[in-house]
Colleague: 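One structure follows; several queries about it will come next.
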Amino acid sequence: MNHSVIEEDLEAILDSKLPWQELSGCTVLITGASGLIPSYMVDTCMALNRRRLLDSPVHVLVLVRNEAAARGRFALYRNNPHLEFLVQDVCEPLSWPGQVDFIIHAASQASPKYYSTDPVGTLSANVMGTLNLLKLAVEKQVQSMLFLSSGEIYGQVPDAFIPTKEEDWGHVNPMSVRSCYAESKRMAETMCISWHHQYGVPVKVVRPYHTYGPGMKLDDGRVFADFVGNILNRQDIVMTSEGTAIRAFCYLADATAGFFTVLLNGESGEAYNIGNPDGAVSISELASTLVSLFPEYGLKVVRSTPSGQYVPSKIDKNIPDITKAMKLGWRPSTGITAGFSRTIRSYSVN
């Protein structure tokens, strides 16, 4: 993960006008750390140390279940004294003898392929994991805690609520197995605000929208990852639906800067949308755009019938209103053409 694209992304994130010094000499616990989003947050912290932007290095404690995979993802920091591994399931009680100053809870099964094959595991990390981390936040008296929720918590919203503000609400059917993700994220948000109200935990919530970028697992079942995999393998993009659903795609570096903005500048007990409304396109339009980026490959978009256990979303349009996050000084700047070009380039040899 030391590709030039990633290094450029980290430079852009660190150039954000944020009070990075608040992390100086602190310990940051990041759960699910080898996942797409949290791994970039780990990279950001390590880049702060590498560039000597802090008076004292930040110590990063990464909580992971698969130690081998995590050590592979963070091989660049092998033997670095400021990266430490805590190997366990986030659903198990947490015990750590040292101080923890910041918590970033990002452990979650975000891929739709798990919603039907492992709904219990999907919701457990969001509910039991959040419970364990809130308890730890009280014990350690953390300076700030960030919970990564999801734009899916809004469910199906009326057209009048699109773009969707943080105080808008839609419908989620609790008797649909696919709701294991959205409903557990909703419950976790309620837990966060309850611990903030009763115990004063300085927790902030972010609601990411369709984040993509370098390091995506190309077999995780999300349609945009499938499309990138098609391009990289010189395959036609296969559509298993009409592709009319509209999603707002946000490039990983933009989203990461947004998450740190909320962690360091956000108000405790508040939720913030982190997405890119300018990146809102239909799935069909996204497929056509990706094919057009590489005309030399001679690829096309083809239609096919769905297979497997994938449970499709009933949400037709999912676009955030990001006014609240913008008031903190954050704004995404990478469109889908540049963002997906960078993503695809990141899988190639430098």
Colleague: Answer yes if the side chains of Asn318 and Tyr154 hold a donor-acceptor pair under 3.5 Å, and no otherwise.
Modeller: no

Colleague: Taking the side chain as every heavy atom from C-beta outward, state whether Thr27 and Gln99 have any atom pair closer than 4.5 Å.
Modeller: no

Colleague: Lys324 and side-chain hydrogen bond (donor to acceptor under 3.5 Å, both in side chains): which single residue from Glu166, Glu167, Glu267, Glu270 fits?
Modeller: Glu270

Colleague: Measure from NZ or CZ of Arg234 to the centre of the six-membered ring of Tyr297, then state whether that distance is under 6.0 Å and the direction lies within 45° of the axis.
Modeller: yes

Colleague: Any chance the side chains of Asn126 and Ser108 put a donor and an acceptor closer than 3.5 Å?
Modeller: yes

Colleague: Are the side chain of Thr256 and the backbone N or O of Met41 linked by a donor-acceptor pair below 3.5 Å?
Modeller: no

Colleague: Do Val205 and Leu131 sit in one hydrophobic cluster, given that two such residues count as connected whenever their side-chain heavy atoms are within less than 4.5 Å of each other, even indirectly?
Modeller: no

Colleague: Would you say the rings of Trp330 and Phe260 are close, in the sense that their centroids are separated by under 6.0 Å?
Modeller: no

Colleague: Backbone N or O of Arg71 within a donor-acceptor pair of the Glu67 side chain at under 3.5 Å?
Modeller: no

Colleague: Linking I/L/V/M/F/W/Y whenever their side-chain heavy atoms sit closer than 4.5 Å, directly or via other members, would Val203 and Leu146 fall into one cluster?
Modeller: no

Colleague: Is any side-chain heavy atom of Tyr251 closer than 4.5 Å to one of Pro332?
Modeller: no

Colleague: Test of understanding: clusters of I, L, V, M, F, W, Y form through side-chain heavy atoms closer than 4.5 Å, transitively. Do Ile231 and Val5 belong to the same one?
Modeller: yes

Colleague: Quick check: does any side chain N or O of Ser348 sit under 3.5 Å from a backbone N or O of Ile344, one acting as donor and the other as acceptor?
Modeller: no

Colleague: For Asp55, give me all partners under side chain to side chain contact (heavy atoms under 4.5 Å, CB included), at least two apart in sequence or on another chain.
Modeller: Gln21, Ser24

Colleague: Should the ring pair Tyr181 and Tyr115 be called parallel, tilted or perpendicular, given that the plane angle runs from 0 to 90° and is split at 30 and 60?
Modeller: parallel

Colleague: To check you understand the geometry: which heavy-atom pair defines the closest contact between Asp89 and Cys91, and what is its length?
Modeller: OD1-N, 2.8 Å

Colleague: Do Leu218 and Phe227 have side chains that get closer than 4.5 Å, going by heavy atoms?
Modeller: no

Colleague: What's the spacing between Leu63 CG and Asn132 CG if we round to 0.5 Å?
Modeller: 10.0 Å

Colleague: Would Leu23 end up clustered with Val62 when hydrophobic side chains under 4.5 Å apart are linked, directly or stepwise?
Modeller: yes

Colleague: If we ignore angles and hydrogens, is there a donor and acceptor under 3.5 Å between the side chains of Thr31 and His105?
Modeller: yes

Colleague: Does the plane of the ring in Phe85 sit parallel, tilted or perpendicular to the ring in Phe74? Use 30° and 60° as the thresholds.
Modeller: tilted

Colleague: Do Met46 and Val60 have side-chain heavy atoms sitting under 4.5 Å apart?
Modeller: yes

Colleague: Just so I know, are the side chains of Trp20 and Leu53 near enough to count as touching, which here means a heavy-atom distance under 4.5 Å?
Modeller: no

Colleague: Using atom types as modelled and distance alone, determine if a side-chain donor or acceptor of Asp316 lies under 3.5 Å from a backbone N or O of Ala245.
Modeller: no

Colleague: Only counting residues at least two apart or in another chain, list the ones meeting side-chain hydrogen bond (donor to acceptor under 3.5 Å, both in side chains) with Glu189.
Modeller: Ser149, Arg207

Colleague: Looking at Arg65, I'd like to know if its CZ atom is crowded, meaning that more than 12 non-hydrogen atoms belonging to other residues, nucleotides or ligands lie closer than 6.0 Å.
Modeller: no

Colleague: Looking at Asn273 and Lys165, would you say the former's side chain and the latter's main chain have a donor-acceptor pair under 3.5 Å?
Modeller: no

Colleague: Are any side-chain N or O atoms of Trp195 and backbone N or O atoms of Ile193, one a donor and one an acceptor, separated by less than 3.5 Å?
Modeller: no

Colleague: According to side-chain hydrogen bond (donor to acceptor under 3.5 Å, both in side chains), who are the partners of Glu22, at least two apart in sequence or on a separate chain?
Modeller: none

Colleague: Hey, what do you get for CE (Met326) to CG (Asp321), rounding to the nearest 0.5 Å?
Modeller: 9.0 Å

Colleague: Could you state whether Val201 and Tyr272 fall into the same hydrophobic cluster, counting links through intermediate Ile, Leu, Val, Met, Phe, Trp or Tyr residues with side-chain heavy atoms under 4.5 angstrom apart?
Modeller: no

Colleague: Counting N and O atoms only, with roles assigned by atom type, does the side chain of Lys317 sit under 3.5 Å from a partner on the main chain of Gln156, one being a donor and the other an acceptor?
Modeller: no

Colleague: If we count only N and O atoms by modelled type, under 3.5 Å, do the side chains of Asp9 and Tyr40 hold a donor and an acceptor together?
Modeller: yes

